[in-house]
Amino acid sequence: MKIIIANWKAKITTEADAVALARGSDKEGLVVCPPHAFLDEVRAAIVHASLGAQDYAPDLSARGATHVIIGHSDRRREGETDDVIAEKIALAVSDGLIPILCVGETKPERDAGETHEVLKRQIRTALSRIPAETAPIFIGYEPVWAISTTPGAEPENPTDAARKIAFIREQVSHGSYRAMVSYIYGGSVTATTAGGFLEKENIQGLLVGGASLHEKEITNIWQQAQKA
Ligand code: PGA
């Protein structure tokens, strides 16, 4: 069984839609990440799924969240630095939350051959302020050029994603960081493409954006993750 993280981003805009989608996504092994404004309603609507937030905030654990996405490319694009991300990871861990750190290169960085350098810097800095024994933590490889909302998004292929994740794992184990880390992939994953990623041994789950907004689609992806 592999984990599925549903990142609704800002696409769900009414309480009724948030509650309906939460009910339709209420599966064990699925982490639902609604917009901050709907955390309470979604918390009340789910029994089996876990509640995640899309960014760190001091009230998350009080509102019942167990997971938090940190360093998503939408935030990095708005100017969030690696240092701010490191600070948020440390705050999340001290609040007892499970951080889901997103890392990934942009298209210009990829085209300039800087992917490894970027991933190395993002990981080393993000993990620099938490104790080595912190557990658990997720690291999501999300190439920015493969995310559905990036103009001209191109799909990443599972073999290359697994290679990048192998590199990320190496960075984590070369550092002083020894915690239990799970590695996941995100970027334009759909019910059709999920299987290719899930069959890779070192991809332990998926971060799903656009496809998580459709009950049938997210259910299908979750079912595939159960068998993986
Ligand atoms: P996507 O989003 O699946 O729509 O590409 C993934 C993400 O931004 O986390």
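Order of listing sets the numbers, starting from 1, for every ligand and every atom in it.
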Distance under 4.0 Å to a non-hydrogen atom of [X]: what atoms of ligand 1 satisfy this?
{"X": "Ser188", "value": "1 (P), 3 (O), 5 (O)"}
{"X": "Leu207", "value": "9 (O)"}
{"X": "Asn7", "value": "9 (O)"}
{"X": "Ile147", "value": "2 (O), 5 (O), 8 (O)"}
{"X": "Gly210", "value": "1 (P), 3 (O), 4 (O)"}
{"X": "His72", "value": "7 (C), 8 (O), 9 (O)"}

Quick one: nearest non-hydrogen protein atom to [atom], plus distance?
{"atom": "atom 2 (O) of ligand 1", "answer": "Lys9 NZ, 3.0 Å"}
{"atom": "atom 4 (O) of ligand 1", "answer": "Ser148 OG, 2.5 Å"}
{"atom": "atom 3 (O) of ligand 1", "answer": "Gly209 N, 2.8 Å"}

Which atom pairs, one a donor and one an acceptor, fall under 3.5 Å between side chains of residues 29-41 and the rest of the protein, sequence neighbours left out?
| from | atom 1 | to | atom 2 | distance (Å) |
| --- | --- | --- | --- | --- |
| His36 | NE2 | Asp59 | OD2 | 3.4 |
| His36 | NE2 | Arg63 | NH1 | 3.0 |
| Asp40 | OD1 | Arg63 | NE | 3.1 |
| Asp40 | OD2 | Arg63 | NH2 | 3.3 |

### Task
Check whether any side-chain heavy atom of His72 lies under 4.5 Å from a side-chain heavy atom of Glu142, and answer yes or no.
yes

### Message
Less than 4.5 Å apart, side chain to side chain, heavy atoms only: is that true for Tyr185 and Glu156?
### Response
yes

### Query
Strictly by modelled atom types, are Thr193 and Thr190 linked by a side-chain donor-acceptor pair under 3.5 Å?
yes

### Message
Would you say Tyr141 and Glu105 are linked by a side-chain donor-acceptor pair, where the criterion is simply a distance under 3.5 Å?
### Response
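Judged by distance alone, the side chains do pair up.
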
### Exceeds 12 heavy-atom contacts within 6.0 angstrom, atom CZ of Arg43
no

### Task
Quick one: do Arg124 and Asp82 satisfy salt bridge (charged side-chain N to carboxylate O under 4.0 Å, His left out)? Show the steps, please.
CA-CA 9 Å; Arg124 298 251 168 116; Asp82 288 315; over 6 Å; no

### Query
Is there a heavy atom of Gly187 sitting under 4.0 angstrom from any atom of ligand 1?
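True for this residue.
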
### Task
Under the salt bridge (Lys or Arg N to Asp or Glu O under 4.0 Å) rule, collect the residues that match up with Arg23, sequence neighbours excluded.
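Residues passing salt bridge (Lys or Arg N to Asp or Glu O under 4.0 Å) with Arg23: none at all.
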
### Task
Check whether any N or O atom of Glu142, backbone or side chain, sits under 3.5 Å from an N or O atom of ligand 1, and answer yes or no.
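Looking only at distances, the answer is yes, because the N/O contact criterion of under 3.5 Å is met.
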
